[in-house]
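First up is the structure itself, then whatever we jot down about it.
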Amino acid sequence: MSFDTIQDLGRAQREGEATARQIAQRALAAARAEPFNAFTAVFEAEALAQADAVDAAFAAGVDLGPLAGVPFAVKNLFDVAGHVTLAGSKIRRDASPAVADATAVARLKAAGAVLVGALNMDEFAYGFVTENAHDGPTRNPHDPARIAGGSSGGSAAAVSGGIVPLTLGSDTNGSIRIPAGLCGVFGMKPTLGRLSRAGTFPFVHSLDHIGPFARTAADLAVAYDALQGPDPRDELSPPVADPLSGRLDALADRPLRVGVLGGWFQQGAFPEVVEALEIVADALQARRDVELPGAQAARAAAFAMSALEGGHLHFDDLAARALDYDPAVRDRLLAGALLPGEVADAARRYRPVFRDAARRLFEDFDLLLAPVAPCPAPPIGQATMELAGAQVSVRKTLGAYTQPISCIGLPVIAAPVNRPGKPPVGVQLIAPTWREDLAFAAALRLERAGVIAAHRPAEFKA
């Protein structure tokens, strides 16, 4: 296992301590032997060829940038040329291999990053636990008896467990933020449409995002910069924003007006979750108990849109091969396919109402804080947990604080709060639309102050 950052790996190559091939070989060996069930495929031949190309460019004096020779892996819903895009399912295992890389994969490769494998996930990205019925559960590197979160659980565990320093995941209702928080790493959900989704297997077109996982805010910024840019294959993809990784010092010094979301966003939160939120709020001198009205209705709208759009996407396969689906996913997709269209129409009509409420709140604040999830990682296989004195579904409840934000596509960094010796807990750093720079400003300040930091599993601590 290795906990080198992107900066560490770049320095090692520049100073002649390691080649891209040596770094790739180490990551491939770790991916083959990893104990978390994070990987579903390892691309050894392709990875070594990519690494050799990086070494050749380096020898020729070509500067590929900070991602050169950096190993990464992707959730298995990203197209990788020559490989079947599984999307965590059984039903797609006999599909034709992808003919081209997803845009996000291609952009990281173009920046010199080396793709080493594909990662476990909830089937068709419909879940928060990565307890996959076909590939098995991904285990939390901090406690193998506990979930890694989902649906991008493999992506978070691979970074948390020291396999690779960078992964890609997707987030429809919280699927980057929840596993990042539960595994103690950084995860980013950008503004809806900021990063191209082209070449990823869809779940809910109107809510799907893609984004990176990393061990530091600076690494997250490097990956975010490389992933940006217009893409004709995704009609939501906007022009590139100003690069962030070259102005991190200025961002870290930026004054911020910060509010802590109360009400719905702390309802039922475990004491350790509230404690972590308070640590971050104190560090940013945030105003407490800020209300964002309509959050519960926004979550309901996201639920309805997910069920209906997901159900209709899978309607034909559900009719022909229902038994090939994970039962926990199949039942929700079937229910969604039977929802009347009026339900989704009402949900879509509510989005601008809630978006206006958030816009008004951001007139007074640059950034809003909320927990990632109501609790630390639950045990694998646990169906219910006690929340505010009631037994609730683990699968449904983990997204309580992320789904309202997904409903209106705000940019968020999930930041791991530095609580040594305690289970990982994450905080959402929520910014206005298209203002990812404000979320990075807070993350950098908090990281430099030691308030947030990626957790290293106990067995791997120096």
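Applying the salt bridge (Lys or Arg N to Asp or Glu O under 4.0 Å) criterion to R348, with sequence neighbours excluded, gives E309, D345.
From I176, atom CD1 reaches atom CD1 of I413 across 11.5 Å, with rounding to the nearest 0.5 Å.
Between the side chain of K189 and the main chain of A414, no donor-acceptor pair closer than 3.5 Å is present. Under a 3.5 Å cut-off, the side chain of Q266 and the backbone N or O of L261 do form a donor-acceptor pair. At least one donor-acceptor pair closer than 3.5 Å links the side chain of E131 to the backbone N or O of G381.
Across every non-hydrogen atom of G187 and A180, the tightest pair is N-CB, 3.8 Å. Heavy atoms only, all atoms of each residue included: T138 and N37 are closest at OG1-O, 2.9 Å. Between F265 and P371, the shortest heavy-atom distance links the atoms O-CD, 3.1 Å. Pairing each heavy atom of S2 with each of R26, the nearest pair is OG-NH2, 3.5 Å.
If you check the side chains of N120 and T130, you find no donor sitting under 3.5 Å from an acceptor. S406 and R177 form a side-chain donor-acceptor contact under 3.5 Å, judged by distance and modelled atom types alone. Between the side chains of S152 and D171, no donor N or O sits under 3.5 Å from an acceptor N or O.
Taking the six-membered ring for Trp and the full ring otherwise, the centers of F203 and Y126 sit less than 6.0 Å from each other.
Under the 30°/60° scheme for interplanar angles, the aromatic rings of F201 and F124 are found to be tilted.
A salt bridge does not link K422 to E272: none of the charged nitrogens lies less than 4.0 Å from a carboxylate oxygen. Here E44 pairs with R32 in a salt bridge; the nearest charged N to carboxylate O distance falls below 4.0 Å. Looking at R351 and D356, no side-chain N of the basic residue comes within less than 4.0 Å of a carboxylate O on the acidic one, giving no salt bridge.
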